[in-house]
Amino acid sequence: MDKLIINGGKPLIGEIAISGMKNSAVAILLANIMIEDECIIENLPDISDVNRSLEILEAMGASVTRLGDGCVKIDSKNITPCSSPDELVRKMRASYYVLGAELARFGRTNVACPGGCDFGVRPIDQHIKGFEALGATVSVNDRHIIALTDDGLHGGSVFMDVVSVGATINVMLAAVKAKGVTVIENAAREPHIVDTANFLNACGAKISGAGTDVIKITGVASLHGVTYKIIPDMIEAGTFMVLAAATRGRLKVSNIIPKHLESISAKLEEMGATVEEDDESVTVSLAGSLSPANVKTQPYPGFPTDMNPQMCVLMCLANGKSRMMEGVWDNRFRYVEELKRMGADIVVADSKIANVNGSPEGLYGASVRAIDLRAGAAMVVAGLAAKGKTEIDDIFHIQRGYEDIVGKLQRVGADIKIVSTPDA
Ligand code: EPU
């Protein structure tokens, strides 16, 4: 079992280059299932969710060649239908993209129920509703999701009852090779949806409107291979932006698309940080004190739910009362108990609102767990901001989504290291 050891309380100063976006990478890698050709995907982050996606492709019969430096060649010609291994699929949420991609290529799919972070109930009813609108017959038991068609999918209209990233991408994948036109209304607008659509269009798909709430897909008969570069990870960037303010340091967060970070930049400025924007970087610093703020997480372009825990750490360090309202997931505040071990004064109401009573000396080092991926990132931010020693267990959650987090932080002056302890 690996754990992180942090000696915090020092301002972090320097530059951190952001890696490719996890949630784009997993969608684009699994979309390769529907391309009977060779693709080269660049700027892949070296994280366990990407490695698991590649393992799923290999187990299904794709040839995967790691070319180094975040670059992978994938040849999916020999993929066998309904062959994704249950044990790999159950380790990550995004494996539900196998459903849409297999339906597109083979007109049938059979995939184990996906795993991922535990935020309470994580339904997939909108994915199923979309597949059914395109002509699939879908059945779900407690272990598998099975979808069948008589003669492939046809175009259809889908109105999403909730704004869902996964359902929007999955229905878009399924529709790319369906006969006729598909329209998805009330679609999610996250940058990774645009990235996935750009990749598919480069392969010959006809998708318009990605990034708006209406996406139109005209089915095509076949797709061809391309070389494609994944966009930078806005949540990794946002995490380091918050870290700069939390440690009262100055970090240039580079290799980013600043537009994707507007909701985070605006909130940091409201709390008293300085955010200087360039074409491909933002520099965040804090000289004075932090003011409290209220945040409500929402689908893009609102404040991202995947920044809820990290932002809550900053609220713990502000002068006064802040409020974090979760507008996407039912139960995203499981990390609060861990932050309380570090001295945080937080009361959660109805599992949707965290009332935070902050103070500049509000956190001290302690032993905590990474409850999930972003909760783990928040523990790293808290540990680096707090005086004293913090130990973080269960860091495999953090390694699912942050490339070389220890190396990147050491290079800007953090006292952080990874230690291996024998399994209990
Ligand atoms: N929802 C439904 N029915 C569905 C699908 C979703 O009711 O069929 C609800 C969910 O319960 C939730 C809301 O819709 O309340 C939004 O869920 P969404 O489908 O957008 O989430 P997701 O696609 O499963 C992705 C990211 C998450 C991120 C959410 C929200 C990937 C692989 N995961 O999940 O990222 O929190 O969108 O932005 O893209 C992370 O990176 O740490 C992470 C958890």
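First listed ligand is number 1; within each ligand, the first listed atom is number 1. Counting begins at 1 with the first residue of the sequence.
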request  = Give yes or no for whether the N/O distance cutoff of 3.5 Å, strictly under, is met between Q126 and ligand 1.
outcome  = yes

key: T305: numbered ligand 1 atoms lying under 4.0 Å from its heavy atoms   = 30 (C), 36 (O), 38 (O)

inquiry  = Atom NZ of residue position K321 - does it have more than 12 heavy atoms of other residues, nucleotides or ligands inside 6.0 Å?
reply    = no

query = Is a donor on one side and an acceptor on the other found under 3.5 Å between the side chain of S164 and the backbone of A167?
reply = yes

ask   = Does D306 come within less than 4.0 Å of R332, counting only side-chain N to carboxylate O?
value = yes

query = Does the N or O separation between N23 and ligand 1 drop below 3.5 Å for any pair?
reply = yes

query = S164 to ligand 1: N or O pair under 3.5 Å?
reply = yes

request  = Report yes if some N/O of L373 lies less than 3.5 Å from some N/O of ligand 1; otherwise report no.
outcome  = no

query = Between K267 and E262, is there a salt bridge with N-O shorter than 4.0 Å?
reply = no

note = Numbered in order shown, the ligand 1 atoms found under 4.0 Å of a heavy atom of I124 are 4 (C), 8 (O)

query = Less than 3.5 Å between some nitrogen or oxygen of K22 and one of ligand 1, yes or no?
reply = yes

query = Heavy atom of V163 under 4.0 Å from ligand 1?
reply = yes

query = How does D306 reach ligand 1, by side chain, by backbone, by both or by neither, if only non-hydrogen atoms under 4.0 Å count?
reply = side chain

task = Kindly identify the option in P304, P123, A375 whose heavy atom sits closest to atom 2 (C) of ligand 1.
result = P123

query = Do ligand 1 and G166 have nitrogen or oxygen atoms that lie under 3.5 Å from each other?
reply = yes

request  = Could you pull out, from R374, R332, H127, the option with a heavy atom nearest to atom 42 (O) of ligand 1?
outcome  = R374

request  = Mind checking side chain to side chain contact (heavy atoms under 4.5 Å, CB included) for N186 and listing every partner two or more places apart, or none if nothing turns up?
outcome  = F159, M160, V163

task = Mark the output for Y300 as yes if a heavy-atom distance to ligand 1 is under 4.0 Å, and as no if none is.
result = no

Side chain to side chain contact (heavy atoms under 4.5 Å, CB included) partners of A414, counting only residues at least two apart = L12, L384, L409, I416

ask   = Does the distance from a Lys or Arg side-chain N to an Asp or Glu carboxylate O, for K177 and E36, drop under 4.0 Å?
value = yes

ask   = How does D125 reach ligand 1, by side chain, by backbone, by both or by neither, if only non-hydrogen atoms under 4.0 Å count?
value = both

Note: R369-D394 ion pair, threshold 4.0 Å (strictly below) = yes

Short N or O distance, V328 and ligand 1, threshold 3.5 Å exclusive = yes

ask   = Which atoms of ligand 1 are found less than 4.0 Å from any heavy atom of A94?
value = 32 (C)

task = Assess the side chains of H127 and N170: does a donor N or O sit below 3.5 Å from an acceptor N or O?
result = yes

message = S24 vs D195, test: side chain to side chain donor-acceptor pair (under 3.5 Å). Steps then yes/no.
response = CA-CA 7 Å; S24 274; D195 205 25; 2.9 Å; yes

